[in-house]
There are 2 protein chains.
Amino acid sequence: MRAWAPACQAVALLLGPYAEVVLHDPDTDRILAIWNPMSARSPGDPSLLGDLNALDLSARDVFGPYEKLLADGRRLTSVTAILRDPDGKASAVLCINLDRTPLEQAAALLTAFGAPTASRPEQLFEQDWYERVQQLVGTYVRECSRPVERLTRADRLAVLARLEAARVFDVRRATPVVARALRVSRSTVYGLRAELKAPDRKDQTR
Amino acid sequence: MRAWAPACQAVALLLGPYAEVVLHDPDTDRILAIWNPMSARSPGDPSLLGDLNALDLSARDVFGPYEKLLADGRRLTSVTAILRDPDGKASAVLCINLDRTPLEQAAALLTAFGAPTASRPEQLFEQDWYERVQQLVGTYVRECSRPVERLTRADRLAVLARLEAARVFDVRRATPVVARALRVSRSTVYGLRAELKAPDRKDQTR
DNA sequence: ATTGCTTTGGACATATTGTCCATTCTAGAT
DNA sequence: ATCTAGAATGGACAATATGTCCAAAGCAAT
């Protein structure tokens, strides 16, 4: 039923990957819609609501929270709501399944681990990105036992890839430093770097 | 609107004391119903939805998740959904506000605990300077248990000193990020930063 | 020497960073 | 509540830094 979709989507969105929202059709016993499916179910599949139908639908509209167990061991907390038309007819059944394991792990860790007072936000921020450049280049040079000036084009590409991976270029003014370390011009660094990003074509049709 | 109540109640029930579910009347701009109120609002009170009405209600039905901040410093994650009648008319606006602080505390502890100190030869370069900014600001905020927006000038100076010490500004594009994290303008960041460097004189005789 | 690459300096086009300042805000004091 | 000094803001602008391009060299293998 289209009317409920926004509400369902909102819930699914809010609870991120840990909640599954399912809308069932109580007449056909099939899934109408599903958000963040945790098992591989999709609209049209049988609901497998089974015992729910045994519940007295007229007595209450909201059931739960109760616990479910997934085959893979995940512990779910579920709630169910009967959604009614303006005329009172049950037009859909809403189930929200919340995966509790991540929270439980956190809680377990928390209780198991006394009171760790402060965290360790220490700055291994790497003051010395400059050193790091020297280090990465130096290491490579040693690896292929060849001085910086005798590095082949491919070598330079490789070194740049490492520097790139180390996020060196996120640092201000890094490019000239790298160029110098590689005994190469600034232009060349940009050129090679572009090549890394666009592995094949020589033409820069951008 | 009676039709939505079960769904709202179900969500409120599932998310326990940490989620507030509010149903607004888009016509009168008042609260229709509210579950688990976090602030002292009740049905009939004005919605204070303000800017929401400015949103193009016809464009989308679901907004968010976006972040809200309570005066007392609690961090909320909110989603909003436009609920429509069978004939398409927006009959209600659903807001779910989830208090994230308990989760954040758990998560913070978790990440702090998970930090495997050693064995990080490569990229201790801190890919994640962005995280680091959030982290440093967040820590400070927690230390003085005051939301970012309520930080005093002196506080901001202190935070900036830490960021400076962590060499955050060596990273490209860091300033705007910091400004945003501090909920302050770019200009202000530069201003405060200048102040840090020249502790006394107001004139910039350099 | 000629060919088919790559590198190089620069010139330029963009983007980012810093400065400045007229206005707008805000926290206190009145 | 109103006023006021100091602070923050947004936007213009200047200064730098980053990227692109390309014509003019290098350079190695014919």
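Convention: sequence-line order gives letters A, B, ...; per-chain numbering from 1.
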Discussion item. Using a distance-only criterion (donor-acceptor N/O pair, under 3.5 Å, no hydrogens), is the base of D:dG10 paired with the side chain of B:Arg186?
Written reply: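 No such pair is found, so the answer is no.
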Exercise for the section: Establish whether the base of D:dG11 is bridged to the side chain of B:Ser187 by a donor-acceptor pair shorter than 3.5 Å. Expected result: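 Yes, the side chain and the base share a sub-3.5 Å donor-acceptor pair.
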Can you measure [X] atom [atom1] to [N] atom [atom2] for me and round it to whole angstrom units?
X	N	atom1	atom2	value
A:Arg180	C:dG9	CZ	P	13 Å
B:Asp170	C:dT16	CG	C1'	15 Å
B:Leu196	D:dA7	CG	C1'	15 Å
A:Leu160	D:dG19	CG	P	13 Å
B:Arg150	C:dT26	CZ	P	10 Å
A:Phe169	D:dA17	CZ	C1'	15 Å
B:Arg153	C:dC25	CZ	P	19 Å
B:Glu195	D:dG6	CD	P	13 Å

Quick one: are B:His24 and B:Cys95 in side-chain contact, heavy atoms under 4.5 Å?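 A side-chain contact exists here, since the closest heavy-atom pair is under 4.5 Å.
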Could you tell me whether the phosphate oxygens of [N], OP1 or OP2, come under 4.0 Å of any side-chain nitrogen or oxygen in [X]?
X	N	result
B:Tyr190	C:dT19	no
B:Arg193	C:dG18	yes
A:Thr175	D:dG19	yes
B:Arg172	C:dT17	no
B:Ser185	D:dT9	yes
A:Arg173	C:dT17	no

query: Taking the six-membered ring of A:Phe169, is the NZ or CZ of A:Arg193 close enough (under 6.0 Å from the centre) and on axis enough (within 45°)?
result: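 That pair qualifies as a cation-pi contact.
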I need the minimum non-hydrogen distance between [X] and [Y], along with the two atoms involved.
X	Y	answer
B:Val148	B:Arg156	O-NH1, 4.1 Å
A:Val137	A:Ala181	CG1-O, 4.1 Å
A:Pro147	A:Val141	CA-CG1, 4.2 Å

Handout entry: Candidates D:dA8, C:dT8, C:dT17 - which lies nearest the side chain of B:Pro176
Key =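 In terms of side-chain proximity for B:Pro176, the closest of D:dA8, C:dT8, C:dT17 is C:dT17.
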So which one's nearest nucleotide on DNA chain D is more toward 5', A:Ala174 or B:Arg156?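 With B:Arg156 and A:Ala174 compared, the 5'-side residue is B:Arg156.
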